[in-house]
Amino acid sequence: MPEPTQHDVRETFDSGLPPQHGVSSVIVVGAGLAGLATAHELTKQGVPVTVLEAGDRPGGRTRTLREPFADGLYAEAGAMTVTEHCHYTMRYLRETGVGTEPSDLVDTDFGYHRGGVRIPPDKLGEHAGLLGLHPDEHGLTVGDLITRYVSDFNDALGPETARPDWTPSPRLLELDRLSVRRVLEDRGASAAAIDLMEPLFLEMRGGELESASAMAWARYESGPRSFSTADARWYKISGGTDMLARALADGLRERILYRSPVVRIAQDDWAAEVTFLDHGRLRTLRADRAVITAPFGSLRRVNLSTARLSAAKHTAIRRLRYASTVRVFLQMRRRFWPEKRLMLSTDTAIRTVRDATPRQPGPRAIVECWFSGWRAQATAAMSPEERVAHTLEDLEPILPGAREHFELGASVAWDNEPYAAGAYILPETGHSELMAGIRAVEGRLHFAGEHTAFEPNGGSMNYALESAVRVLMEMASMASTVPV
Ligand SMILES: Cc1cc2nc3c(=O)[nH]c(=O)nc-3n(C[C@H](O)[C@H](O)[C@H](O)COP(=O)(O)OP(=O)(O)OC[C@H]3O[C@@H](n4cnc5c(N)ncnc54)[C@H](O)[C@@H]3O)c2cc1C
């Protein structure tokens, strides 16, 4: 059977997953959403599954921090937003009975902090000189800038960019050779305009516009996930994003082996073979198939010398980039700022400052400081204590009173998380050359996870879940074709 398309996967998901008649056992590497959904569906069909997870909890990059905060406050270190367009996420939320509520990222009191001045979006025109906008950008709102530099550009590319079932045309492949910054500059955008637009529509590039693929960007910005085209309500998962992973893991229980980092993956004609650390001892399991959901940043440290992988897969594993992101959380005694839903884009090392707990009860609040790109890499190089101390220092001029109201802090630097090695996929220029190799089946080894999505910018829970469905289709169609 040819490789299923994105459309096939969606149709199969909606009409019922295929039976895994010929599959006798499966090892799943990773208990993030892709691994959990794969194991959940196989278990429903009675296929014996073992999930090997390096960490001590399910969910991977869906990670809700509940410690060390007081009064039951919590904050999201990883994913936090889901929209009605997240078909797979919404379906699994319904199936597991996990609820949603409006996202904290909508209807915020969004503002800019530039050159030490707090500027509401509708007052940017009064500060055009300070900001360094080109003369022909004076008087434009950020919405106008986005229309001029992003929406008009996407409209000119035509409808194919937004087509649901998507393979890049030669014209889009040309764009894959250009960076996002290059395209914006060629269209006349000043550095100041790019800087003002960035928090609203470029967040998924992780602050690296110089290397991010313009093809992946055009696709993302013309789709329903973008801030500039979003036509759906934004939600968060009630009680914390990790509730979905926890609900899926509850149904798998002893099938998941935590603290079991995989160190070697191999295969022969008869089985897939996975070696992992079990309480400090090497243990090897063999199964009919293995589904590998570990991000490639982590997989680079797994021995694959006898995995019989294609050259394309090795290249993809070596080259795939992930965005650098750090979130620092500062618990404050009370909300000492006037805004009801504080959210500021700054030109300091901290890219975004926001109240991470606007709807959580009690006087205390957690202020989230978000770093991306090289600023995140610099912050990740600090010790956790230094990170909190320096962030608090940098926050004081932005939010006067921060030092006085600060109680405690925590942080997650995704580059330093050994089994993530980055936040989410950062499709760089030339990404289209890697895409087919990233998700291709290799004998008895299947590859799932956000990075294997059909979408070049698939860094989301939804596409991690979609990838699980694709892999289940692959397994069902190949069961009878590979000798056991
Ligand atoms: C800061 C941030 C913000 C985000 N915001 C959003 C958002 O708002 N909305 C959204 O939908 N998505 C968001 N995402 C993306 C989303 O979290 C991910 O795309 C998705 O959770 C990835 O799921 P996965 O199963 O592919 O990978 P992971 O969640 O990374 O799962 C992989 C699992 O494999 C394990 N593993 C890795 N290596 C090994 C090994 N050698 N042995 C055993 N186990 C191993 C890991 O510990 C992990 O549990 C965000 C992510 C981050 C980091």
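All residue numbers refer to positions in the sequence shown, counting from 1. Whatever order the structure lists them in is the order used to number ligands and atoms, beginning at 1. Remember, it's a predicted structure, so these values are computed and weren't measured experimentally.
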Engineer: Is it the case that ligand 1 has an N or O less than 3.5 angstrom from some N or O of M461?
Structural biologist: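 There is such a contact, yes.
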Engineer: If you measure every N or O of G449 against every N or O of ligand 1, does any of those distances drop under 3.5 Å?
Structural biologist: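 There is no such contact.
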Engineer: Consider every N or O of E450 and every N or O of ligand 1, then say whether any pair is closer than 3.5 Å.
Structural biologist: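 Yes - when backbone and side-chain N and O of E450 are compared with those of ligand 1, one distance drops under 3.5 Å.
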Engineer: Assert yes or no for the condition that the ring centre distance of F13 to Y88 is strictly below 6.0 Å.
Structural biologist: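 When the ring centroids of F13 and Y88 are compared, they turn out to be within the sub-6.0 Å range.
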Engineer: Could you say whether the N/O atoms of P295 and ligand 1 ever approach to under 3.5 Å?
Structural biologist: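 By distance alone, the answer is no.
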Engineer: Is there at least one pair of N or O atoms, one from Y424 and one from ligand 1, spaced under 3.5 Å apart?
Structural biologist: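 The answer is no, given that Y424 and ligand 1 share no N or O pair closer than 3.5 Å.
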Engineer: Check ligand 1 against L52 and write out every atom of the ligand that is under 4.0 Å from a heavy-atom position of the residue.
Structural biologist: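 That gives atoms 43 (C), 44 (N) of ligand 1.
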Engineer: Under 4.0 Å from ligand 1, counting heavy atoms only, is it the side chain of Y463, its backbone, both or neither?
Structural biologist: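 Neither part.
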Engineer: Which bit of V263 gets closer than 4.0 Å to ligand 1, counting heavy atoms only: side chain, backbone, both or neither?
Structural biologist: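 Under 4.0 Å from ligand 1, V263 contributes no heavy atoms.
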Engineer: Give yes if a backbone or side-chain nitrogen or oxygen of T293 is under 3.5 Å from a nitrogen or oxygen of ligand 1, and no if not.
Structural biologist: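 N/O-N/O distance below 3.5 Å does not exist for this pair.
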Engineer: Taking both backbone and side-chain atoms of S460, is any N or O found less than 3.5 Å from an N or O belonging to ligand 1?
Structural biologist: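 Yes, S460 has an N/O under 3.5 Å of an N/O on ligand 1.
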Engineer: Counting heavy atoms only, which part of S298 comes closer than 4.0 Å to ligand 1: side chain, backbone, both or neither?
Structural biologist: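 For S298, only side-chain atoms sit under 4.0 Å from ligand 1.
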Engineer: Can you tell me how far CD of E368 sits from CG of L342, rounded to the nearest 0.5 angstrom?
Structural biologist: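 So the CG of L342 and the CD of E368 are separated by 11.0 Å.
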Engineer: Run the numbers for me: atoms of ligand 1, each under 4.0 Å from some heavy atom of A77, listed by number.
Structural biologist: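 The list of qualifying atoms is 1 (C).
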Engineer: Could you tell me whether W370 and ligand 1 have an N or O pair separated by under 3.5 Å?
Structural biologist: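 Looking only at distances, the answer is no, because the N/O contact criterion of under 3.5 Å is not met.
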Engineer: Taking all non-hydrogen atoms of both residues into account, name the closest pair between T357 and I366 and its distance.
Structural biologist: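 Reported closest heavy-atom pair: OG1-N, 3.0 Å.
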Engineer: So is R439 actually on top of F447's ring, under 6.0 Å and inside 45° of the axis?
Structural biologist: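 Judged by the rule, R439 and F447 form no cation-pi pair.
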Engineer: Please report whether ligand 1 has a polar contact with L33, defined as an N or O pair separated by less than 3.5 Å (distance criterion only).
Structural biologist: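 Yes, L33 has an N/O under 3.5 Å of an N/O on ligand 1.
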Engineer: Under a 4.0 Å threshold between the charged nitrogen and the carboxylate oxygen, would R470 count as salt-bridged to E474?
Structural biologist: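 Yes, charged N to carboxylate O under 4.0 Å.
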Engineer: Do any nitrogen or oxygen atoms of P261 lie less than 3.5 angstrom from nitrogen or oxygen atoms of ligand 1?
Structural biologist: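 N/O-N/O distance below 3.5 Å does not exist for this pair.
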